[in-house]
Amino acid sequence: MELSFIPRSDADMLFEGELYVTLDGNYAVQKAKLSINHHINLNWVRDMYVNQDFEKNEQGKYNLIKTDVKADFGVTKNGKAGIFGERVISYRNYTLNKPRPDTTYSGSAQVVPDGSDNKNEQFWATNRGADTLTKAESRVYKNIDTLQTIPSFRRTVDILTLLFAGYKSFGPFEVGPANTFYSYNPIEGFRLRFGGRTTPELSKRYYFETYAAYGFTDQRWKYFLSATYSINNKSIYKFPQDYIRASVQQETKIPGADLQFVQEDNVLLSFKRGINDKYLYNNYYRLDYVHELESHFSYALGYKYWKQAPAGSLYFLTQTDGGGQVIAPSLTTSEVSLKLRYAPNEKFVQGKIYRYTLPNKYPVFHLDFTDGIKGLAGGQYSYQTVHAGIEKRVYLSQFGYTDVVLEGGYLFGQVPFPLLTIHRANQTYSYQPDSYNLMNFMEFVSDHYASVNIDHCFNGFFFNKIPLFKRLKWRECITFKALYGGVRDENNPALHPSLFQFPVDQYGPITYALGSAPYTEGSVGISNIFKFFRVDLVERFNYLDNPNTVRFGIRTRAVFDF
């Protein structure tokens, strides 16, 4: 029996096709033919076909025996240039109702025999059976190798790498990121930066990264240098990672700014709203060890020496018992840390010197512990911090998907405000998914907090049903963020004058502890504009009486959408 199905709207992110069902009483799927409509709201894919075959086993059940996926990739739907890909998977020799030992399920969930990824041509000629490669298919590997030697192709790859990754490759060394070569901020003024990193072509065991920058207003050099040793003799960007890294850095930083996926001195982030003249000069010395297991559980051990000094209009001010005021020139801490991460069934897109995690339905857990040791290498304070988080994508069929992030943290000990959690604020015009986009830098600090971040994409569920918007292939997004936190009395400088006082400016205090109500903001946006851009209208819902706050803002972000 054949069952045909199509989506209600030909632009919805759904398959159409046929299912062939047996009529022998099992009503099992015997064959499936799936395809996509040419009007589907899917980027970079012009056509796709999925064929699956099922075979009846000795127990009368049907097992999948073959999957054949064909896809035509291209920038435009009607363009002639593109890439055609096909993947055929054959499943044979099922083992049923035979329990495996418990060791099968410890570590990686997938058991792969040794040497299965390194078979010779004779093996494939014997085991392909009816799926023997045609002459054209057998020449694919040779053609790809030949393509790498064509100057025009290599030139195109270099240009694309520079545009999207920001690096220009010179074999064993890459120069970049290009978008950090020039930037501007009120403290450094006109800033030039130049740097790069080594690639696996130089060594799979040793990696180096460096840059130097100079600010023409503060007339100070900034720099970074790291050396990494791969213990497992694999690229440090590939799974599973196992390396040790030593690094030193002298750099400026906005307190609490944590800009995801971009460098803080990116030229596009030189433009900021509101007052932005409070910076830190930071000196770091770090030693880190990172180890990933096949189960996608990983841990990182680290040591960090951190000396931070105020810059611009920021200052570290304390009060004496007699009511006098003292300005501290710097703050020094010495920390050891342990970071744990577990991402079951995690999958990557692996490049030569990058690794991009593909979102899936499985949650990602992480737990960080930091111990500040007073007296070690000049550390001035003793404290401990714990931070935990869960990230999960929830798929809602034709209604799109929701990304949910839950976080929480607690600090033990008495510390000045630079060591509290300075919540991630964003005064740029770029939309930052993990920051609070209408919160001012240094506006809120906490020694205990909990937060939720919800970002839902409808994948064009509404726009696909409106004729004009249907052709634009735009997608609707909504977000909501809430942050609850506070500062205990022992860390409140109003009650303990010996602690650094919260900064103030000509308008009054600029740093606060959260009250009984959580900070909240939300946005509505449109993504997939020209396949690359997302624009959000963001609204801040409360704490609007704080100085220099805005209730509404428009933020944009470049996103590589599928």
Which value, rounded to the nearest 0.5 Å, describes the distance between I373 atom CD1 and S382 atom OG? 8.0 Å

Less than 6.0 angstrom separating the ring centers of [X] and [Y], yes or no?
X	Y	answer
H291	Y299	yes
Y206	Y229	yes
Y184	F190	no
Y401	H456	no
Y410	F412	yes

Please enumerate all residues that pass side-chain hydrogen bond (donor to acceptor under 3.5 Å, both in side chains) together with R220, with sequence neighbours excluded.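 Applying side-chain hydrogen bond (donor to acceptor under 3.5 Å, both in side chains) to R220 gives none.
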
Suppose we screen for side-chain hydrogen bond (donor to acceptor under 3.5 Å, both in side chains). Which residues come up paired with R555, at least two apart in sequence or across chains? none

Using a distance-only test with no angle check, is there a side-chain donor-acceptor pair under 3.5 angstrom linking [X] and [Y]?
X	Y	answer
S337	T370	no
N283	W306	no
S435	N426	no
E346	T357	yes

[X] bridged to [Y] by N-O distance under 4.0 Å:
X	Y	result
K222	E251	no
D447	R488	yes
R551	E521	no
D242	K238	no
D455	R534	yes

Ignoring hydrogens and angles, tell me if any N or O in the side chain of T198 forms a donor-acceptor pair with the backbone of L202 under 3.5 Å. no

Applying the salt bridge (charged side-chain N to carboxylate O under 4.0 Å, His left out) criterion to D403, which one of R393, K361, K392 satisfies it? R393

Among R540, R424, K278, which residue satisfies the salt bridge (charged side-chain N to carboxylate O under 4.0 Å, His left out) criterion with E443? R540

Set out, in order, the CA-CA distance, both residues' side-chain angles and the distance that settles ring pair (Phe, Tyr, Trp, His ring centres under 6.0 Å) for H296 and F239, then state yes or no. CA-CA 9 Å; H296 291 275; F239 178 85; 4.3 Å; yes

Could [X] and [Y] be counted as a cation-pi pair, given that NZ or CZ must be under 6.0 Å from the ring centre and within 45° of the axis?
X	Y	answer
R355	Y237	no
R193	Y211	yes
K168	F170	yes

State which residue, out of Y519, F541, F480, Y543, fulfils the ring-ring contact (aromatic ring centres under 6.0 Å, His included) condition with Y436.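 The option that passes is Y519.
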
Positive for ring-ring contact (aromatic ring centres under 6.0 Å, His included) with F181, one of F194, Y167, Y214: F194

Answer yes or no: are there more than 12 heavy-atom neighbours, outside K339 itself, under 6.0 Å from its atom NZ? no

Atom NZ of K204 with >12 non-hydrogen neighbours under 6.0 angstrom: no

Heavy atoms, side chains only, cut-off 4.5 Å: are V248 and Y223 in contact?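 Contact flag for V248/Y223 side chains = yes.
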
